[in-house]
Amino acid sequence: MKILAISDTPSKALWDYCTRERLAGVDLILSCGDLPKKYLEYITNFTAAPILYVHGNHDGSYRTEGEPGGCICVDDQVYVWKGLRIMGLGGSIRYNCEETFQYTEKEMRRRMRRLWFKAHRAGGIDLLLTHSPAAGLNDGNDRAHKGFACFNDLLEEYQPKWFVHGHVHLSYNANLPRVCTHGQTTVINATERYTFEIPDPDPVARKRFFWNDPAFPTKN
């Protein structure tokens with residue numbers, strides 16, 4: 001399965017020179033937020049691949065102009081596409097009162113808890129799709145770009161194979177990696193665009209309810 005991850009900054013290669021050939025072979029497009037509505041809608045003209053997205057902290061215009069047409073919002077969802085189980089949690093840490101889709105640590109943790117049953121009913125999650133990074137995991141030092149500590153707890157509990165986020169542009173820090181690992185999870189910063197491939201989901205593992213797995217004890 002070939003995935004194109006995009007975030008924060010429209011890619012010139014896609015915005016100005018997009019063709020069907022350029023997106024040939026892409027099975028799924030994941031947007032981590034902070035991208036213009038028109039940009040996402042434009043990309044839909046050149047691919048049959050679904051575009052799944054979460055909101056960025058600068059996507060307040062979506063509330064007044066409408067959500068991107070032809071795309072699927074997976075914010076606050078556990079969305080399963082061809083067996084790939086995706087948990088979507090958009091937005092950034094709250095740093096001012098001017099923008100929408102900003103959350104305190106407590107608010108984000110509450111959003112996570114609301115998805116607990118959906119994740120367990122799906123048998124787990126394979127991919128965590130967010131706008132913000134996790135705290136201490138390629139996040140920034142300034143207030144606006146701090147990651148969420150609760151995302152670290154989520155990675156420990158569900159152990160997704162992939163964590164795709166944006167928000168912290170690679171240009172902010174020359175030492176920021178595009179791809180790294182955290183435990184068993186591959187972490188990808190999707191700033192602008194990044195293409196990667198993953199194995200097709202295992203239909204047997206997909207049906208496993210991990211609340212019956214000793215590694216994932218049921219919460220009281």
Side-chain angles (χ1 to χ4, degrees), residues 3-16 18 28-45 50-77 79 86-112 115 127-151 154 163-174 176-178 187-195:
I3 299 176
L4 170 63
I6 55 178
S7 187
D8 296 279
T9 303
S11 167
K12 191 176 183 66
L14 299 178
W15 192 229
D16 294 338
C18 195
L28 179 65
I29 299 176
L30 301 176
S31 170
C32 297
D34 279 0
L35 289 170
K37 172 185 176 180
K38 291 183 178 179
Y39 176 65
L40 295 182
E41 292 177 339
Y42 178 74
I43 293 175
T44 65
N45 294 315
I51 299 178
L52 312 184
Y53 70 93
V54 294
H55 298 107
N57 57 298
H58 295 302
D59 287 334
S61 62
Y62 288 12
R63 289 185 170 174
T64 56
E65 300 174 6
E67 301 286 327
C71 305
I72 302 170
C73 180
V74 296
D75 234 340
D76 298 301
Q77 299 291 329
Y79 188 87
I86 302 166
M87 178 182 285
L89 287 167
S92 75
I93 199 80
R94 178 164 293 284
Y95 61 94
N96 62 33
C97 298
E98 298 176 2
E99 293 285 352
T100 51
F101 304 117
Q102 295 183 27
Y103 305 90
T104 64
E105 185 74 40
K106 184 177 181 179
E107 289 169 338
M108 182 60 77
R109 189 173 294 276
R110 188 179 301 122
R111 291 174 66 198
M112 281 173 41
L115 294 178
L127 190 148
L128 174 63
L129 179 66
T130 71
H131 179 62
S132 172
L137 185 59
N138 305 328
D139 60 346
N141 296 320
D142 60 305
R143 183 178 178 184
H145 293 93
K146 284 182 58 180
F148 285 101
C150 57
F151 284 175
L154 192 153
F163 174 22
V164 183
H165 70 84
H167 192 49
V168 182
H169 299 209
L170 293 175
S171 59
Y172 292 170
N173 184 338
L176 281 174
R178 167 70 83 174
V187 182
I188 297 172
N189 186 327
T191 300
E192 188 178 337
R193 63 188 174 106
Y194 182 76
T195 303

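This structure is a prediction, so every number in the text was calculated from the model and none was measured.
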Sequence neighbours excluded, the answer for side-chain contact (heavy atoms from CB on, under 4.5 Å) partners of T100 is R63
With sequence neighbours excluded, tell me which residues meet side-chain contact (heavy atoms from CB on, under 4.5 Å) with R110.
K106, E107, R114
Give the minimum heavy-atom separation between [X] and [Y], together with the two atoms involved.
X	Y	result
I51	L40	CD1-O, 3.7 Å
L129	V54	O-CG1, 3.7 Å
T44	G69	CG2-O, 4.1 Å
R193	I6	CB-CG2, 4.0 Å
L35	P10	CD2-N, 3.7 Å
C150	E105	N-OE2, 2.6 Å

Stepwise side chain to side chain contact (heavy atoms under 4.5 Å, CB included) test for E192 and D8
CA-CA 6 Å; E192 188 178 337; D8 296 279; over 6 Å; no
Rounded to the nearest 0.5 Å, how far does CG of L30 lie from OG1 of T130?
11.0 Å
For [X], what residues pass the side-chain hydrogen bond (donor to acceptor under 3.5 Å, both in side chains) criterion, not counting sequence neighbours?
X	value
K38	none
N96	Q102
R109	D153
D76	R111

With F101, which residues qualify under ring-ring contact (aromatic ring centres under 6.0 Å, His included), at least two apart?
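For F101, the residues satisfying ring-ring contact (aromatic ring centres under 6.0 Å, His included) (neighbours in sequence not counted) are H55.
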Can you sort out the partners of Y39 under ring-ring contact (aromatic ring centres under 6.0 Å, His included), two or more places apart, ordered by chain and number?
W15
With a sphere of 6.0 Å drawn around CG of N141, does it hold more than 12 non-hydrogen atoms of other residues, nucleotides or ligands?
no
Mind jotting down which residue pairs meet the side-chain hydrogen bond (donor to acceptor under 3.5 Å, both in side chains) criterion with at least one end in residues 86-95? Sequence neighbours excluded, please.
N57-Y95
Could you give all pairs that pass the ring pair (Phe, Tyr, Trp, His ring centres under 6.0 Å) test and reach residues 128-148, with sequence neighbours left out?
H131-H167, H145-H167, H145-Y172, F148-F151
Using modelled atom types only, decide if a donor and an acceptor are shared between the side chain of [X] and the backbone of [Y] within a distance under 3.5 Å.
X	Y	value
D34	H58	yes
K146	I93	no
R178	T191	yes
N173	G140	no

With heavy-atom distances below 4.5 Å as the criterion, would you say the side chains of L89 and L115 are in contact?
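Yes, their side chains come closer than 4.5 Å.
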Only counting residues at least two apart or in another chain, list the ones meeting salt bridge (Lys or Arg N to Asp or Glu O under 4.0 Å) with D16.
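Checked D16 against salt bridge (Lys or Arg N to Asp or Glu O under 4.0 Å); matches are K12.
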Side chain to side chain contact (heavy atoms under 4.5 Å, CB included) between V168 and L176: does it pass, once the steps are laid out?
CA-CA 9 Å; V168 182; L176 281 174; 3.4 Å; yes
